[in-house]
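The model shown is predicted, which means the values in this text are computed figures rather than measured ones. Letters A, B, ... are given to chains in the order of the sequence lines, protein chains preceding strands, and every chain is numbered from 1.
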Protein chains: 2
Amino acid sequence: MIRFSKKVEYALMALKFISASSPRLVTAREIADKVNIPYDLLSKILQRLKSEKILTSTQGTHGGYILANSPDKIFLQDIMKAIDGDRALTECLVAGKEGECNLEESCSIKSPVSKLQKEVEDLFRTKTISDFV
Amino acid sequence: MIRFSKKVEYALMALKFISASSPRLVTAREIADKVNIPYDLLSKILQRLKSEKILTSTQGTHGGYILANSPDKIFLQDIMKAIDGDRALTECLVAGKEGECNLEESCSIKSPVSKLQKEVEDLFRTKTISDFV
DNA sequence: TCTAAATAGGACTTGTTTAGTCCGCTTTCC
DNA sequence: GGAAAGCGGACTAAACAAGTCCTATTTAGA
């Protein structure tokens with residue numbers, strides 16, 4: 001059908017791990033080891049989650065990550081957006097890229113695909129990481 | 001979020017065009033011109049749709065394509081599968097590839113993702129190309 | 001105040017996938 | 001026999017995803 005990026009998979013596993021360890025701070029190294037994800041890659045992922053306010057971090061020795069919100073307020077959609085950026089079923093449905101399709105005028109499927117897009121979004125918007133336990 | 005491949009987009013546009021032209025036979029050349037899709041690429045797509053029994057074709061002069069079924073019996077899921085093959089949100093959810101994930105044992109998100117996969121499938125399984133008018 | 005442990009983040013490499021092209025074959029009608 | 005159509009393998013190029021490398025910064029504690 002349609003695939004998660006590896007990074008999103010890793011993000012979900014990491015978030016679940018952090019959630020399960022709450023309220024303790026968890027380090028990237030610990031997650032990488034326990035969940036078996038390349039450390040450098042995971043670091044990037046956690047940093048993105050932090051910059052999108054899904055995680056908060058503490059630097060320095062004894063630093064680490066912790067959820068920025070309760071698990072039932074962290075939505076799948078936000079996680080995906082944080083990691084992969086804005087996406088949609090088609091390029092022309094991505095906010096800000098509407099005009100870039102050279103089929104624009106003749107496009108015969110825009111409106112039904114747009115409707116489908118909304119339905120997919122509804123699915124992802126309602127899932128939180130507390131569903132991932 | 002998550003994206004259609006260009007080929008699936010083209011398939012949808014082509015199928016809609018063929019559906020609208022029914023019961024006339026339509027050539028790949030005509031679709032390519034009207035819908036503005038590279039001819040060679042479109043040919044491949046139509047051939048796959050044919051081999052998956054979504055279209056029937058007639059060879060030779062005055063040949064062309066026509067839907068193999070009524071539009072409301074041609075499901076989005078089948079179109080996507082015909083073009084892109086078996087896919088799922090994660091590799092390990094694709095039938096026949098279950099064992100290939102090295103996180104298998106430790107994977108903490110398999111069951112919730114599997115549930116989500118079913119929900120996404122439900123969405124795609126119920127859509128037909130008659131919804132694309 | 002030095003060091004170790006942690007996050008932060010840019011730059012790069014590698015591998016895979018997608019999109020698209022090229023070319024020759026077969027089928028069928030006139 | 002030739003033109004118009006589908007059939008289909010092999011290839012190329014560009015884009016993207018995944019992963020690596022390296023260096024800086026922050027902080028706690030000896």
Side-chain angles (χ1 to χ4, degrees), chain A residues 2-11 13-14 18 24-33 35-52 54-66 68 80 82-87 90-91 94 97 100-103, chain B residues 2-11 13-14 18 24-33 35-52 54-66 68 80 82-87 90-91 94 97 100-103:
Chain A
I2 233 161
R3 223 169 50 229
F4 280 150
S5 69
K6 223 78 173 111
K7 289 181 190 174
V8 166
E9 278 183 56
Y10 293 158
M13 292 191 277
I18 295 169
R24 177 171 67 87
L25 278 183
V26 188
T27 68
R29 177 65 65 189
E30 182 184 358
I31 302 173
D33 291 345
V35 187
N36 210 29
I37 297 174
Y39 170 76
D40 280 321
L41 186 54
L42 177 66
S43 292
K44 295 284 188 322
I45 292 168
L46 297 175
Q47 283 163 36
R48 289 216 55 74
L49 292 173
K50 141 128 210 229
S51 77
E52 298 300 321
I54 290 168
L55 292 176
T56 54
S57 69
T58 311
Q59 285 192 320
T61 327
H62 304 152
Y65 295 93
I66 196 174
M80 293 173 71
I83 302 293
D84 290 336
D86 271 313
R87 292 292 174 89
T90 60
E91 192 68 13
V94 176
K97 301 208 170 181
E100 294 178 16
C101 175
N102 56 351
L103 305 173
Chain B
I2 232 164
R3 224 169 50 230
F4 280 151
S5 69
K6 223 78 173 112
K7 289 181 190 174
V8 166
E9 276 184 57
Y10 292 158
M13 293 191 276
I18 295 169
R24 177 171 66 88
L25 278 184
V26 189
T27 68
R29 177 64 65 187
E30 181 184 0
I31 303 173
D33 290 346
V35 187
N36 209 29
I37 298 174
Y39 169 75
D40 280 321
L41 186 53
L42 177 65
S43 292
K44 294 284 187 324
I45 292 168
L46 297 175
Q47 284 163 35
R48 288 215 56 74
L49 292 174
K50 142 130 209 230
S51 78
E52 298 298 321
I54 290 168
L55 293 175
T56 54
S57 69
T58 312
Q59 284 192 324
T61 326
H62 305 152
Y65 295 93
I66 196 174
M80 293 174 72
I83 303 293
D84 290 336
D86 271 313
R87 292 293 174 88
T90 60
E91 192 69 13
V94 176
K97 300 206 171 182
E100 294 178 16
C101 176
N102 56 351
L103 304 174

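Residues B/I45 and B/V8 fail the side-chain proximity criterion, which asks for heavy atoms closer than 4.5 Å. Looking at heavy atoms from C-beta onward, B/L42 lies out of side-chain contact with B/V35 at the 4.5 angstrom threshold. Contact of the A/E91 side chain with the B/F4 side chain is not registered, since no non-hydrogen atoms from C-beta on lie closer than 4.5 Å.
Comparing atom distances between the B/K50 side chain and each of D/dC7, D/dG6, D/dT20 picks out D/dC7 as nearest. The side chain of B/D40 approaches C/dT21 more closely than any other nucleotide in the set C/dT21, D/dC7, C/dA11. Candidate nucleotides C/dA4, C/dC22, D/dT20 were compared by shortest atom distance to the side chain of A/T61, and C/dA4 ranks first. If you check C/dC30, C/dA11, D/dA18 against the side chain of A/K6, the one that comes closest is D/dA18. When the nucleotides C/dT7, C/dA8, D/dC7 are ranked by their closest atom to the side chain of B/Y65, D/dC7 comes out on top. Relative to the side chain of B/K44, the nucleotides D/dG9, C/dG20, D/dG19 differ in distance, and D/dG9 lies closest.
Contact between the side-chain N/O atoms of B/R3 and the OP1/OP2 oxygens of C/dA19 is not found at any separation under 4.0 Å. Within the 4.0 Å cut-off from OP1 or OP2 of C/dA8, at least one side-chain nitrogen or oxygen of A/S57 is found. OP1 or OP2 of C/dT18 sits under 4.0 Å from a side-chain N or O of B/R87. Between A/Y39 and C/dA8, a side-chain N or O to OP1/OP2 separation shorter than 4.0 Å is absent. Considering only side-chain N and O atoms, B/Y10 lies under 4.0 angstrom from the phosphate OP1 or OP2 of C/dG20.
Between B/S5 and B/Q59, it is B/S5 whose nearest contact on DNA chain C lies nearer the 5' terminus.
Taking atom CD1 on B/I37 and atom C1' on C/dA19, their separation rounds to 13 Å, with Å as the unit. If you take CZ of A/R48 and P of C/dA8, they are 12 Å apart, rounded to a whole angstrom. Atoms CD (B/E9) and P (C/dT18) sit 14 Å apart, rounded to a whole Å. One can place CZ of A/R29 at 12 Å from C1' of C/dT7, the figure rounded to the nearest angstrom. Rounded to an integer number of Å, the gap from A/I45 CD1 to D/dA17 P is 13 Å. Look at CD1 on A/I2: it is 15 Å from C1' on C/dT17, rounded to the nearest Å. Remark: P of D/dC16 and CZ of A/F4 are 21 Å apart, rounded to the nearest angstrom. Regarding B/I31, its CD1 atom lies at a distance of 12 Å from the P atom of D/dA5, rounded to whole Å.
One distance of note links CG of A/L49 with OG1 of A/T56; it measures 11.5 Å at 0.5 Å rounding.
Backbone-only contact: A/T58 has heavy atoms under 4.0 Å from sugar-phosphate atoms and none from a base.
At a cut-off of 3.5 angstrom, the base of C/dG20 holds no donor-acceptor pair with the side chain of B/K7.
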Please determine whether side chain to side chain contact (heavy atoms under 4.5 Å, CB included) holds for the pair B/N36 and B/M13, giving the CA-CA distance in whole Å, both sets of side-chain angles, and the decisive distance to 0.1 Å.
CA-CA 10 Å; B/N36 209 29; B/M13 293 191 276; over 6 Å; no
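A side chain to side chain contact (heavy atoms under 4.5 Å, CB included) with B/Y65 holds for exactly one of B/T58, B/I31, B/V26, B/L46; it is B/L46.
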